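Comments concern the structure below.
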Amino acid sequence: MSTQDRSNAAPAPGSFLAQPLNPARLAAHALLLVLGALIGAAGALVQAAWFPGGLLLALAGAAGLFFGGGLAMGTRAGAGSPAAGWLVAVILLTASRPEGDFVFAANAGTYLFLLGGLIVAVICATLAGGPQQGGGAARVGR
């Protein structure tokens with residue numbers, strides 16, 4: 001087998017969990033997690049400041065990060081890492097403080113931001129998988 005044949009070979013069989021850990025990949029997922037938290041915190045502030053436009057801007061920023069993470073990593077986990085960071089940041093910001101301060105008001109924009117962000121995360125994670133490797137264009141069983 002020549003060097004060129006080995007470079008074009010398919011990845012080792014088995015699931016993602018059965019393969020050895022790659023430190024660069026773990027660092028990339030950690031970075032996506034932190035970026036997701038930052039997008040969630042920024043979106044929480046922007047969506048309330050400029051209601052209709054801010055909400056769309058916050059959801060578009062989240063969608064761009066989720067989908068871009070999925071494309072960059074080449075897996076659905078690439079979209080899930082920033083979505084997890086976004087969700088953690090948003091959940092932490094929904095809690096009110098003992099002084100009575102809060103980031104999210106109880107209005108329609110807040111609920112649209114929370115629900116819309118979750119829907120965007122699921123859509124981007126679904127789309128980020130891409131076509132399956134080794135599969136033909138035909139239907140199964142035909």
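No hydrogens, no waters, no symmetry mates; every other heavy atom, side chains included, goes into these values. Bear in mind that the values here come from a model prediction, so they are computed numbers and not experimental data.
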Common cluster, Leu87/Ile39, ILVMFWY with side-chain heavy-atom separation under 4.5 Å:
yes
For residues Trp50 and Leu57, report the shortest heavy-atom separation together with the two atoms involved.
CZ3-CD2, 4.5 Å
Is it possible for you to say whether Val90 and Tyr111 belong to one hydrophobic cluster, with membership spreading through side-chain heavy-atom contacts below 4.5 Å?
no
In one Ile/Leu/Val/Met/Phe/Trp/Tyr side-chain cluster, 4.5 Å: Leu38, Leu92
no
If hydrophobic clusters are built from ILVMFWY residues whose side chains come within less than 4.5 Å, do Leu45 and Ile91 share one?
yes
Closest non-hydrogen atoms of Ala63 and Cys124, given as atom of the first, atom of the second and distance, are O-SG, 3.7 Å
Any residue meeting side-chain hydrogen bond (donor to acceptor under 3.5 Å, both in side chains) with Asn22, in chain and number order, not counting sequence neighbours:
none
Measuring from Phe113:CZ to Leu55:CG, what's the distance to the nearest 0.5 Å?
8.0 Å
Residue list, side chain to side chain contact (heavy atoms under 4.5 Å, CB included) with Leu32, at least two apart or on another chain:
Leu65, Met73, Ser81, Pro82
Closest non-hydrogen atom pair, Leu112 against Leu59
O-CD1, 4.4 Å
To the nearest 0.5 Å, what is the distance between CG (Leu114) and CD1 (Ile119)?
11.0 Å
Can Phe66 and Ile123 be said to form a side-chain contact (heavy atoms from CB on, under 4.5 Å), step by step?
CA-CA 9 Å; Phe66 300 161; Ile123 290 171; over 6 Å; no
Starting from the C-alpha separation in whole Å, work towards a yes-or-no answer on side-chain contact (heavy atoms from CB on, under 4.5 Å) for Leu31 and Leu35.
CA-CA 6 Å; Leu31 178 66; Leu35 286 174; 4.2 Å; yes
Closest non-hydrogen atom pair, Ala89 against Ala37:
CB-O, 3.4 Å
So, for Phe67 and Leu127, which heavy atoms are closest and what is the spacing to 0.1 Å?
CE1-CB, 3.8 Å
Report all side-chain donor-acceptor pairs from residues 102-109 shorter than 3.5 Å, counting only partners two or more places apart or in another chain.
residue, atom, partner, partner atom, Å
Asn107, OD1, Gly109, N, 3.4
Asn107, OD1, Thr110, N, 3.0
Asn107, OD1, Thr110, OG1, 3.0

Closest non-hydrogen contact found for Leu93 with Ala41 is CD1-CA, 3.8 Å
